[in-house]
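Quick notes on the structure that follows.
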Amino acid sequence: LGQRLESGLNPQGEALREWLARGAAQGRWEGMVISLDQLLYGGLVNSRAPGPVEPILKLWAEWAGRPQPTPLYLWGTVMRLAPTQRNAREVELASRLMEANSHLEGPPPSGRELEEWLASWGLPLEYWAQYCARRQRKAQVDRAIIERWLTTWGPDPQRPRDYLAWGLDDSKSRGLNIEEARLLASLLAPAAPKAQVGPGTDEAPLLLLARHFSAPSTLKVVWSHPQASQIVTLYEGQPLGEVLKSQARWAGVRLREEIIGEVNRLPAPLEADARPYELWIYAPWREQGEALEQERAEVRELAEGSSAHFERWSLALERALGEGRSIVLADLAYANGGSRRLVEWLLREGRSQALIGYSAWNTAGNALGTALAWAALAQKGRRGPADPANRSLRSERLLDDYYYQSSVRSHLSRQVGGSFLSLDPERQRELALICAQKLEAWAQKYVLELPSGRPLSIYWPWGRLFEVGFND
């Protein structure tokens, strides 16, 4: 599929579109889940790159004009606030841009006031103009997609299962993207309930797969403390409870909620096989921290609270696991990695092996949506903790979401100057060997099976340390 900053108008992108079209013409697809950014630009990151809008609009018109199978599940994104960064200077400017956006109420100023506003944040006018041009291109394409949806698949009574999800990528509570999302939501209002704008991006395909294979379904949700659903995490811009409700709509899941320490509002059925699977949410105590900073006591206290709070939570979880309840755990105390306190407790005495699944990757929305979809799909097949697919994916998530992201990444990043900097191929190979050794030693210590059942082969999907990949 090419590199992350290439245009979608390349041989790889064209081959992907032809593959989709050929399968549709041959009747091979029972449905399609499609990333619009992948389809039109070559990927999410590519959609933030500069370039003319006309070729993208032409490509969309050509693809959308072809007959498409049903159900058709599409997901698009509202461009996040920060542009892609490739070097230390771009990282610095993106940080300033994010902070400036978070103070915006309504549209940015213009003319002389704009110049003064940019100068106060240390942002060059040329940098701002390029940034706005990228946003405007993306917004123009987004409107063309929505117009097509509203006049074709959306209102078609012969296509009742088609669905359009539009996600806010890495959002704060204020900024240009919030205004853009409100506009898109108003445009899509006539298509409800077959279209919705909500928080999140990377978890969208899993939620739409859950919608196809398991909807409608019901899951029990257990929050870690009474205020948990009201916590606004670092990259969602709205309370966790609202994030979960939006994801549940995308996945076609009904939620029945409970809070640790309160009366269970969901009576337990007499037959164990009739019990809904459960999504347990280890939410931030007061505010979400960054996983690589959890060694700092002040960060840990805000993210996880007191030892007494953890003891209440862990006792309830241990009791539920002992009763044989089917649980997927979303570990959200920190962004970009799991909680050391929680995972080390899970690994003691093999508690993690009693879970259906575990998720703590990247943003709270990414981890939560993954856990929600996992629970819904596992419930559809009544698959338990010992199911080979659950066992393999659970080990992979513990290795990646917890041990790599919360520990190994920090060690490797110090050697190269950061997680986001591009690495040359030789450096990538060198660090991949070190990473594999560390992950395998940790898996052996806690008797975790490796995801592929063989020694790990590590690669860096984007040529940097922020993401890690396991080759089969």
Side-chain angles (χ1 to χ4, degrees), residues 30-35 71-75 160-165 167 193-194 196 198-223 229 240-258 265-266 268-269 271-283 317 320-321 324-332 354-394 396-397 401:
E30 65 175 87
M32 295 197 299
V33 177
I34 297 178
S35 160
L72 180 64
Y73 305 99
L74 302 178
W75 92 91
R161 296 181 64 191
D162 289 4
Y163 192 81
L164 174 61
K194 292 177 62 178
Q196 184 211 355
T201 294
D202 298 350
E203 69 278 14
L206 298 176
L207 295 167
L208 294 175
L209 282 171
R211 185 181 188 89
H212 179 74
F213 287 109
S214 65
S217 60
T218 298
L219 294 174
K220 177 178 175 181
V221 177
V222 181
W223 294 95
S229 65
L240 275 175
E242 296 305 310
V243 175
L244 179 61
K245 289 175 184 177
S246 174
Q247 293 177 337
R249 286 191 289 268
W250 287 10
V253 171
R254 293 186 293 268
L255 304 174
R256 297 182 179 178
E257 299 183 57
E258 169 185 330
R265 296 196 293 272
L266 177 63
E271 297 295 330
D273 287 346
R275 295 177 187 167
Y277 278 36
E278 302 180 14
L279 173 61
W280 283 55
I281 302 172
Y282 186 61
L317 179 56
L321 292 173
R325 287 152 71 176
S326 301
I327 294 172
V328 177
L329 176 57
D331 179 0
L332 311 183
L355 292 169
I356 299 289
Y358 168 87
S359 177
W361 70 287
N362 212 9
T363 72
N366 296 158
L368 182 58
T370 299
L372 175 66
W374 193 340
L377 290 166
Q379 177 173 255
K380 179 67 174 179
R382 306 306 296 185
R383 295 173 178 261
D387 175 80
N390 282 333
R391 202 168 61 236
S392 176
L393 184 55
R394 183 178 65 233
E396 179 181 306
R397 300 301 1 128
D401 300 2

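All values derive from a computational prediction rather than experimental measurement.
- Using a 4.5 Å heavy-atom threshold, the side chains of D401 and Y358 count as touching.
- Checked by atom type and distance alone, the side chain of R394 pairs as donor or acceptor with a backbone atom of P385 at under 3.5 Å.
- Residues T363 and D202 are not in side-chain contact: their nearest non-hydrogen atoms beyond the backbone lie 4.5 Å or more apart.
- Contact of the F213 side chain with the L377 side chain is registered, since non-hydrogen atoms from C-beta on lie closer than 4.5 Å.
- Residues V253 and L219 form a side-chain contact, since some pair of their non-hydrogen atoms from C-beta on lies under 4.5 Å apart.
- Here the OH-CH2 distance, from Y163 to W250, works out to 7.5 Å after rounding to the nearest 0.5 Å.
- Judged purely by atom type and a 3.5 angstrom limit, S214 uses its side chain to pair as donor or acceptor with the backbone of A210.
- For the pair P160 and K194, the tightest heavy-atom approach, listed with the atom from each and the gap, is O-CE, 4.0 Å.
- Enclosure of atom CZ in R391 by more than 12 non-hydrogen atoms of other residues, nucleotides or ligands within 6.0 angstrom is indicated.
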- Before giving the answer on side chain to side chain contact (heavy atoms under 4.5 Å, CB included), spell out for W280 and R325 the whole-Å C-alpha distance, their side-chain angles and the decisive distance to 0.1 Å. CA-CA 11 Å; W280 283 55; R325 287 152 71 176; 4.1 Å; yes
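- The distance from atom CD of E278 to atom CD1 of I356, rounded to the nearest 0.5 Å, is 10.0 Å.
- Annotation: side chain of P199 is in contact with side chain of S246 (closest heavy-atom distance under 4.5 Å).
- Under 3.5 Å, the side chains of N390 and W374 contain a donor-acceptor pair of N or O atoms.
- Note: L317 CG to L355 CG = 6.5 Å, rounded to the nearest 0.5 Å.
- No side-chain heavy atom of R382 sits under 4.5 Å from any side-chain heavy atom of S326.
- Residues Q379 and S217 come closest through the heavy atom pair NE2-CB, 3.9 Å.
- To the nearest 0.5 Å, atom CE of residue M32 and atom CG of residue L208 are 13.0 Å apart.
- Expressed to the nearest 0.5 Å, how far CG of D331 lies from CZ of R397 amounts to 12.5 Å.
- Take K380 and apply the salt bridge (charged side-chain N to carboxylate O under 4.0 Å, His left out) test, not counting sequence neighbours, and it matches no residue.
- Side chain of R161 to main chain of H212: a donor-acceptor pair is present (N/O by atom type, distance under 3.5 Å, no hydrogens or angles).
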- Dump the intermediate steps for side chain to side chain contact (heavy atoms under 4.5 Å, CB included) on L244 and L279, then the final yes or no. CA-CA 11 Å; L244 179 61; L279 173 61; 4.0 Å; yes
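- Residue I327 holds its CD1 atom at 8.5 Å from NZ of K220, rounded to the nearest 0.5 Å.
- Side-chain contact between T218 and R256: present, with at least one pair of heavy atoms (C-beta onward) separated by less than 4.5 Å.
- Remark: R211 engages no residue in a salt bridge (charged side-chain N to carboxylate O under 4.0 Å, His left out) (not counting sequence neighbours).
- E257 and W223 share a side-chain donor-acceptor pair at under 3.5 Å.
- Using a 4.5 Å heavy-atom threshold, the side chains of I281 and L329 count as separate.
- Scanning all heavy atoms of the two residues, the minimum distance from A375 to Y277 falls at O-CD2, 4.0 Å.
- Shortest non-hydrogen contact noted between L240 and A364 is CD2-CB, 4.1 Å.
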- Task: List the steps and the verdict of side chain to side chain contact (heavy atoms under 4.5 Å, CB included) for W361 and T370.
- Result: CA-CA 9 Å; W361 70 287; T370 299; 2.8 Å; yes
